[in-house]
Amino acid sequence: DDSPPDMVTFSKKMQTAGIYFKEDFRPDMGYRFFNTWMGDPTRLLQAEAIIDVVARDSLLDNVRVTGHYLHDGLHALAAKHPAQMAAVRGTGTLLAFDCPTPA
């Protein structure tokens, strides 16, 4: 199934975060997302340090291993509870699954 996910969140590993979702999930009232401002030179130094740690500590390898474990676990749950979970998909730790209702 190539349909987009209902909702996606991401967080501050590279000093940014956010959320996006289908129109059905938009709040009825006003809402605001707060984010870290990336406009000063210090943020560049921080980003370089983060990239160095990712490489030094083999964090991408860790994500592959952890993501595979999580993916397998979600598939097992979906097989055990097909009425509640379906279409497990994704890569690394960025995974998704479908639920029968939007709420």
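What you see is a predicted model, and the numbers here were worked out from it, not measured in a lab. Residues take their numbers from the sequence shown, with the count starting at 1.
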Would you check if [X] and [Y] make a side-chain contact, meaning some heavy-atom pair closer than 4.5 Å?
{"X": "Asp61", "Y": "Arg64", "result": "yes"}
{"X": "Asp98", "Y": "Met85", "result": "no"}
{"X": "Leu95", "Y": "Val88", "result": "no"}

If two hydrophobic side chains count as joined below 4.5 Å and joins carry through other members, does Leu60 share a cluster with Ile50?
->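 The answer is yes; both residues are in one hydrophobic cluster.
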
Same cluster for Leu70 and Phe97 if Ile/Leu/Val/Met/Phe/Trp/Tyr side chains link at under 4.5 Å?
->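 Yes, same cluster.
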
Which atoms form the tightest heavy-atom contact between [X] and [Y], and what is the distance?
{"X": "Thr66", "Y": "Thr93", "answer": "CG2-CG2, 4.2 Å"}
{"X": "His71", "Y": "Arg89", "answer": "NE2-CA, 4.2 Å"}
{"X": "Pro100", "Y": "Ala83", "answer": "CG-O, 3.3 Å"}

Could you state the interatomic distance from CG (Asp72) to CG (Leu77), rounded to the nearest 0.5 Å?
->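 Rounded to the nearest 0.5 Å, the CG-CG separation comes to 11.5 Å.
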
